[in-house]
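Input: a single structure, listed below in structure tokens.
Throughout, protein chains are lettered first and strands after them, A, B, ... in sequence-line order, and every chain is numbered starting at 1.
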Amino acid sequence: MAQQANHALPAGYQLDEYHIEHQLSLGGFSIVYLATDREGQFVAIKEYLPNSLALRGEGDIKPVITDDHMPAFRYGMKCFFEEGRALAKLSHPNVIRVLNFFRANNTVYMVMEYEHGRTLQEFIQKNRAVITENFMRNVFTKLLNGLREVHSHKLLHLDLKPSNIYMRNDYTPVLIDFGAARQTLASDTPMLKPMYTPGFASPEHYHQRELLGPWSDIYSVGASMYACLAASAPQAADSRAEKDRLVPAMVRWEGQYSDQLLETIDWCLCLNHLYRPQSVFALQKALTEPVEKPRPPIAAAATNKKTWLDHVVGKLKGKAGPK
Amino acid sequence: MKFTIYQESRPGKRPNNEDRLAHCYSRDALMMVIADGMGGHYYGEIAAQIAVQGLTEAFQREANPKIHDPFSFLNRAMLNAHRAILDFTEAHKLDDSPRTTCVACLIQDSIGYWAHAGDSRLYVIRGGKVLTRTRDHSRVQLLIDQGVISEAQAAFHPDRNKVYSCLGGRQEPEIELSRKTPLEAGDVVALCTDGLWGLYPDDLLATALKRENLMKVVPDLLDQADARSGPNADNLSIVAVRWEDSYVEPGSGASSAVHTRTMPLGAITTKLDEFGRNPKYKTELTEDEIERAIQEIRSTIQKFSK
Ligand SMILES: Nc1ncnc2c1ncn2[C@@H]1O[C@H](COP(=O)(O)OP(=O)(O)OP(=O)(O)O)[C@@H](O)[C@H]1O
Ligand SMILES: [Mg+2]
């Protein structure tokens with residue numbers, strides 16, 4: 001379906017007690033703004049505005065929602081509330097803080113703490129040299145602290161990927177965009193269908209939603225770690241299920257990172273959810289194990305497929321099976 | 001007529017309840033109906049509502065106080081509901097017609113007549129055993145009938161939710177009519193959606209519904225179903241009648257039984273939740289609910305910001 005893009009609220013617009021500075025991003029479901037509050041503090045404000053249902057013309061303030069679209073618009077709003085509800089309960093340094101929630105212009109807004117930095121997605125594109133073993137372990141261990149908090153509230157994120165992980169300037173990660181709650185609610189409403197970024201969603205996301213669990217977020221964490229190393233998304237789980245062309249991390253970056261880190265990534269990326277780490281805790285344990293020095297890469301031979309396989313199989317044999 | 005009847009629908013773990021159910025009775029006839037709007041589209045619940053409402057309205061028009069030709073009534077009313085759904089689709093220019101299963105049962109002169117399309121079921125339970133039940137219009141049921149898979153295997157079959165007949169689809173529904181089934185005092189007739197029957201093998205359901213006090217037995221059954229269902233549990237709905245006719249069981253549950261003998265000839269009692277009235281059935285948020293949701297989020301923010 002062709003969809004028109006929405007126009008953002010103009011800079012300088014007074015939205016409730018906030019002053020809009022400018023638009024930060026425009027997604028299919030919402031627009032995020034940088035704004036200042038009464039004290040002049042920066043905040044990020046997310047506006048619920050699904051572009052398939054509500055359109056704001058250039059220069060307009062209130063979006064147009066036709067009567068036809070009203071039920072779906074309201075239904076989507078319910079999903080937006082789920083996101084707010086989920087986040088409001090969480091108070092953790094690695095999870096974005098919600099500061100306020102209000103209604104205006106026929107729609108609803110979520111006010112968040114503004115974080116200085118950029119998404120992990122942007123970060124890995126621009127800072128290849130920084131993606132060291134230590135960087136990976138540090139960032140993901142902290143991120144998992146946040147995810148643990150999420151899971152301990154019986155919530156799943158379900159949309160973890162580098163573009164939904166924000167990197168503060170001090171390299172601490174923050175989970176943003178809990179479109180997740182929304183996904184579970186809206187998956188049966190075509191107009192509000194969540195858009196997965198292929199590559200990060202677990203296999204059970206696609207066809208077996210009743211199997212979703214912490215291990216599904218863990219798959220996404222694995223895919224995000226893989227993407228950090230590869231600078232691009234791994235093969236999507238649904239197509240892997242047909243023909244798995246994903247080169248195991250252990251093969252692809254052999255010698256550049258510790259075996260143990262690479263194995264951990266592959267462990268998270270098991271297609272069978274039962275073979276993955278079953279809890280964030282289990283994964284964190286693996287990530288905080290002492291690092292062995294990466295071994296020097298085996299030149300030339302490493303590109304030989306047979307050697308790859310022998311090598312991996314050799315390593316796997318030496319390991320205990322998945323827990 | 002004397003009977004005890006109980007109906008209830010629960011959303012399970014789904015945000016929406018796309019099941020609809022109703023019963024209504026005149027002095028001499030009782031009708032029960034249940035419909036399960038088809039997922040993949042939130043208009044499913046509208047389809048279910050159209051079906052249930054269409055059938056009850058037909059009953060209200062034609063039961064005076066009996067239905068002249070029960071099978072023809074059921075067949076006609078269900079076909080009309082099918083067309084009404086298509087009209088709705090047309091009027092709202094929906095790309096995809098919403099659909100619903102439907103099973104309806106009429107009891108008069110202590111004889112049961114029913115009709116169904118899809119995989120919502122009707123069971124007649126006598127003495128704690130299933131006397132008869134509808135065969136689902138589903139691919140797995142065909143596989144079972146052909147001996148390809150067993151009932152037990154069907155419970156996990158990937159196609160278990162695929163129905164080949166329903167109201168509102170592009171094809172004319174296949175409406176299957178039952179036989180005339182004489183009822184005995186103590187028989188239970190239960191109509192339910194797959195969210196419920198999917199959790200119980202026939203014999204378990206029959207045993208559960210055997211006990212006398214329907215007004216307690218059915219909610220217990222739903223509680224249990226809620227507890228044993230998974231994180232993605234479907235909507236659960238049931239309308240069950242215990243046919244007591246002239247036999248009065250002293251003591252037990254007698255107070256909740258319905259006597260229709262004293263009803264005026266033209267009177268009809270209907271239990272159907274109107275669309276949008278029951279909070280569980282909302283497709284849409286009301287202004288009030290929006291305000292409440294926002295207040296709730298704000299107070300959670302307050303609570304956790306300290
Ligand atoms: N609290 C914040 N501080 C700074 N920037 C933010 C904040 N929240 C969001 N952003 C920016 O806005 C972008 C989009 O935010 P988010 O991921 O929440 O929404 P989205 O993916 O566009 O939304 P949706 O998927 O709901 O349409 C982020 O990638 C980030 O650049
Ligand atoms: Mg995002």
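- Looking only at heavy-atom pairs under 4.5 Å with chain A, the residue among B:Ile297, B:Ile294, B:Thr300 that has the most is B:Ile297.
- Heavy-atom distances place the backbone of A:Leu99, and not its side chain, under 4.5 Å from chain B.
- By the side chain to side chain contact (heavy atoms under 4.5 Å, CB included) test, A:Asn106 pairs with A:Lys62, A:Ile65, sequence neighbours left out.
- Considering only residues two or more places apart in sequence or on other chains, B:Thr134 meets the side chain to side chain contact (heavy atoms under 4.5 Å, CB included) condition with B:Trp114, B:His116, B:Arg121, B:Leu122.
- Ionic pairing of A:Arg74 and B:Glu289 is not present here: no N-O contact between side-chain nitrogen and carboxylate oxygen is shorter than 4.0 angstrom.
- Contacts between B:Gln295 and chain A at a heavy-atom distance below 4.5 Å are absent for every atom of the residue.
- With respect to the salt-bridge test (charged N to carboxylate O, under 4.0 angstrom), the residues A:Arg56 and A:Glu47 qualify.
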